[in-house]
Amino acid sequence: MSRSERLLNLLQVLRRYRRPVSGKVLANELGISIRTLYRDIASLQAQGAVIEGEPRIGYVMKPGFMLPPLMFGSEELDALVLGMRWVADRYDHTLVEGAMNVLAKVSAVLPAELHASWRNRRC
């Protein structure tokens with residue numbers, strides 16, 4: 001895994017946690033050493049991410065840091081489509097329209113190699 005992928009993964013993991021999470025938990029989840037985690041957090045902080053951390057308490061990323069566009073993996077695309085289908089089957093016209101807009105936006109930015117399989121998954 002490249003360093004840039006690792007940093008994006010760290011950002012994504014931090015976004016999932018609303019409360020402070022220990023460095024040990026983060027390092028284990030990412031499959032990296034605690035030393036690498038410390039360096040990666042310092043790099044993200046230098047790039048403007050507001051990541052706060054305290055010994056024995058953990059790290060938390062404050063809202064507002066904008067991520068660059070991310071690419072979805074195959075399992076994430078499956079989850080997205082299933083979720084949108086669930087919304088389309090159960091909710092009012094406004095949410096159905098919103099779900100369809102999400103799918104259209106994702107479809108518009110997929111690389112060619114994922115686009116063919118994506119069309120087969122859409123609602």
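Owing to the predicted nature of the structure, the values given are computational and were not obtained by experimental measurement.
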- Can you list the residues that meet the salt bridge (charged side-chain N to carboxylate O under 4.0 Å, His left out) rule with Glu52, with sequence neighbours excluded? Lys62
- Query: If you count the non-hydrogen atoms of other residues, nucleotides and ligands that lie under 6.0 Å from CZ in Arg35, is the total more than 12?
  - Reply: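 No, the 6.0 Å shell around CZ holds no more than 12 heavy atoms from other groups.
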Of all the heavy-atom pairs spanning [X] and [Y], show the shortest one and how long it is.
X: Met61; Y: Ala49; value: SD-CB, 4.5 Å
X: Val96; Y: Val87; value: CG2-O, 4.1 Å
X: Ile32; Y: Arg6; value: CG2-CD, 3.5 Å
X: Arg39; Y: Arg3; value: O-NH2, 4.4 Å
X: Pro20; Y: Gly58; value: CB-C, 4.1 Å

- Item | Lys24 and Leu37, any side-chain heavy atoms less than 4.5 Å apart | no
- Item | Linked, directly or transitively: Val60 and Tyr17 (ILVMFWY side chains, under 4.5 Å) |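 Shared cluster, no.
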- Are Tyr38 and Ile51 linked, directly or through other ILVMFWY residues, by side chains that come within less than 4.5 angstrom of each other? yes
Atom pair [atom1]/[atom2] of [X] and [Y] - distance to nearest 0.5 Å:
X: Leu26; Y: Tyr59; atom1: CG; atom2: OH; result: 8.0 Å
X: Asp40; Y: Leu11; atom1: CG; atom2: CG; result: 9.5 Å
X: Leu30; Y: Leu7; atom1: CG; atom2: CG; result: 10.0 Å
X: Asn9; Y: Leu14; atom1: CG; atom2: CG; result: 11.0 Å

- Note on the structure: Sorted by chain and number, sequence neighbours left out, side chain to side chain contact (heavy atoms under 4.5 Å, CB included) with Glu54 holds for Ile57
- Task: Mark yes or no for whether Asp92, through its side chain, and Leu95, through its backbone, hold a donor-acceptor pair below 3.5 Å.
- Result: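 Between the backbone of Leu95 and the side chain of Asp92 there is a qualifying donor-acceptor contact (under 3.5 Å).
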